[in-house]
Amino acid sequence: MQTPNGILPIDKPAGWTSFDVLAKLRGALGTRKLGHSGTLDPMATGVLAVFIGKATSAADRQLDHDKTYEATIRLGLRTDTGDVTGTTLETAPVTVGERELRTVLPRFMGDRMQLPPMYSAVKINGQPLYKAARKGQTVERTPRPITIYNIEYLGSPAPDEYTIRVACSKGTYIRVLAEEIGAALGVPATLAALRRTQAGVFSLEQCHTLPEILATAESGKLETNGWVLPIETVFAPLPVLYVNESVKAHLFNGCPTSHYKAADGRYRTYDENGAFLGLATVEGGVLKVEKLFCERG
């Protein structure tokens, strides 16, 4: 098959790392040029946006990095990883329930500081924290700013387990949030399940499972069935700018275009035929290329 350029939203299966998913797709898609936006823990499922080919350079330029999760918290248990896949560190009788949980949840909304967990991909001195954690080491970390936009109580799927929906900013660790909620309740807590339902502009409804994608790639239909979304999908909130052939040539050559009649700002740029070119900015009547995502010529 011809390797597509674009974004493929995947419903990541449990038990796979985000890297595992990319490794599996490299063979199926016939390219090593793959990336993803927003790592998911192995136990987690849900939205994982995979960037293919020329789209890989769009991952860091996304306008929306916010996420939404459905998380099940188990009270009365604390583990070394912050979820039920880890080693038990503490157990305790649970003397609180839904009423107390609903009372404390609003405390966690808004701008907050959060300490990254040891079992995370955050790098300190060039080494991911999880590698140090696996050696039994603890690395000094600095709390980072996050924002919790909303927390909604969804119900109790099992005794001492409670599910919440969390809308949050990039960099939020739901495992840490679960432990913090437990601390507010006066009991140890850990994450029993986690599903990401939204990642930036990508939703669960747009996702397909890994087996579906592998089968479709093998049949040669993946580049034509619409599952691979256009690169400009991540830039949808930006205004559109159509340019003529002369300005297009300037963009391709990295030359600014002066006396350009457009408001200052950042634009997703198309040629006269409607083909997406890339990102450009206008400042003081000067149009400059930011990043091209098309083939030159």
Show which side-chain atoms of residues 49-61 pair as donor or acceptor with protein atoms under 3.5 Å away, not counting sequence neighbours.
residue : atom : partner : partner atom : Å
T56     : OG1  : G53     : O            : 2.9
S57     : OG   : K54     : O            : 3.2
R61     : NH1  : S57     : O            : 3.2

Q) Can you find a heavy atom in the side chain of I174 that is under 4.5 Å from one in the side chain of C168? A) yes
Q. Passes side chain to side chain contact (heavy atoms under 4.5 Å, CB included), K67 versus R196? Steps please.
A. CA-CA 7 Å; K67 312 289 194 302; R196 187 156 69 194; 3.7 Å; yes
(Q) Under a plain distance cut-off of 3.5 Å, with no hydrogens placed, do D83 and T85 share a side-chain donor-acceptor pair? (A) yes
Q. Are side-chain N/O atoms of Q62 and S37 paired as donor and acceptor at under 3.5 Å?
A. yes
Q | H250 side chain to T257 side chain, donor-acceptor N/O pair below 3.5 angstrom | A | yes
Q. What are the two closest heavy atoms between D271 and Y242, and how far apart are they?
A. O-CD2, 3.4 Å
Q.
Rounded to the nearest 0.5 Å, what separates atom CG in D80 from atom CD in E90?
A. 13.0 Å
Q) CD1 of I213 to CG of L25: how many Å apart, nearest 0.5 Å? A) 6.5 Å
**Q.** Minimal non-hydrogen separation, V96 against V94, with atom names
**A.** O-CG1, 3.3 Å
Q) Could you state the interatomic distance from CZ (F276) to CD (E232), rounded to the nearest 0.5 Å? A) 5.0 Å
Q. Hey, mind stepping through Y173 and L115 against side chain to side chain contact (heavy atoms under 4.5 Å, CB included) and telling me if it holds?
A. CA-CA 9 Å; Y173 285 92; L115 189 69; over 6 Å; no
Q: Determine yes or no for a side-chain-to-main-chain donor-acceptor pair under 3.5 angstrom, with T269 supplying the side chain and L279 the backbone.
A: no
Q: Could you tell me whether a side-chain N or O of D11 sits under 3.5 Å from a main-chain N or O of G46, the two making a donor and an acceptor?
A: yes
Q: Could you tell me which non-hydrogen atom of G182 sits nearest to which non-hydrogen atom of A189, and how far apart they are?
A: CA-CB, 3.6 Å
Q | In one Ile/Leu/Val/Met/Phe/Trp/Tyr side-chain cluster, 4.5 Å: L22, V47 | A | no
Q | Side-chain heavy-atom pair V166, F108 within 4.5 angstrom cut-off | A | no
Q) In terms of hydrophobic clusters joined by side-chain contacts under 4.5 Å, are L204 and L229 together? A) yes
**Q.** ILVMFWY network linking V21 to W227, side-chain heavy atoms under 4.5 angstrom
**A.** yes
(Q) Which heavy atom of P9 sits nearest to which heavy atom of F202, and what is that distance? (A) CG-CD2, 4.0 Å
Q: Without swapping roles, check the side chain of S18 against the backbone of T39 for a donor-acceptor pair under 3.5 Å.
A: no
Q. Taking it one step at a time, do T190 and R78 satisfy side chain to side chain contact (heavy atoms under 4.5 Å, CB included)?
A. CA-CA 5 Å; T190 197; R78 184 170 65 90; 5.8 Å; no
(Q) Do L287 and Y267 have side chains that approach each other closer than 4.5 Å (heavy atoms only, starting at C-beta)? (A) no
Q) How long is the span from the SG atom in C207 to the CG atom in L8, to the nearest 0.5 Å? A) 8.5 Å
Q) Does the K261 side chain pair with the main chain of H259, one donor and one acceptor, at a distance under 3.5 Å? A) no
(Q) Ring-plane angle category for Y162 and Y153, please: parallel below 30°, perpendicular beyond 60°, tilted otherwise. (A) tilted
(Q) Other residues, nucleotides and ligands only: do more than 12 of their heavy atoms fall within 6.0 Å of CZ on F19? (A) no
Q.
Within this structure, what is the OG1-CD1 distance for the pair T172 and I148, rounded to the nearest 0.5 Å?
A. 4.5 Å
(Q) Please determine whether salt bridge (Lys or Arg N to Asp or Glu O under 4.0 Å) holds for the pair E98 and R102, giving the CA-CA distance in whole Å, both sets of side-chain angles, and the decisive distance to 0.1 Å. (A) CA-CA 6 Å; E98 177 184 332; R102 286 180 177 271; 2.9 Å; yes
**Q.** Donor-acceptor pair between R195 and T45 side chains, under 3.5 angstrom
**A.** yes
Q: Look at the side chain of Q198 and the backbone N and O of G200, then say whether any donor-acceptor pair between them is shorter than 3.5 Å.
A: yes
Q. Mind checking whether L101 and L185 have side chains closer than 4.5 Å, heavy atoms only?
A. yes
Q: Verify the cluster assignment for L48 and L222: are they in a single hydrophobic cluster under the rule of side-chain heavy atoms below 4.5 Å apart?
A: yes
(Q) Working to the nearest 0.5 angstrom, can you tell me the gap between C294 SG and K248 NZ? (A) 6.5 Å
Q.
According to a hydrophobic-cluster definition based on side-chain heavy atoms being under 4.5 Å apart (Ile, Leu, Val, Met, Phe, Trp, Tyr only), do L34 and L210 belong together?
A. yes
Q: Could you give me the CA-CA distance, side-chain angles and deciding distance for D160 and V187, then say whether side chain to side chain contact (heavy atoms under 4.5 Å, CB included) is met?
A: CA-CA 11 Å; D160 298 331; V187 294; over 6 Å; no
Q | Donor-acceptor under 3.5 Å (R165 side chain, T68 main chain) | A | no
(Q) Does either side chain, that of E205 or that of S203, offer a donor lying less than 3.5 Å from an acceptor on the other one? (A) yes
Q: Say whether D111 and T147, considering side chains only, have a donor N or O and an acceptor N or O under 3.5 Å apart.
A: yes
Q. Is there a donor-acceptor pair closer than 3.5 Å between any side-chain N or O of R175 and the backbone N or O of D41?
A. no
Q: Answer whether the closest heavy-atom distance between the side chains of T72 and P157 falls below 4.5 Å.
A: yes
Q: Examine distances only and state if a side-chain atom of E179 and a backbone atom of V176 form a donor-acceptor pair shorter than 3.5 Å.
A: no
Q) Do you know the tightest heavy-atom contact between P42 and T17? A) CG-CG2, 3.7 Å
Q. Nearest heavy-atom pair of A28 and A217: which atoms, and what distance?
A. O-CB, 3.9 Å
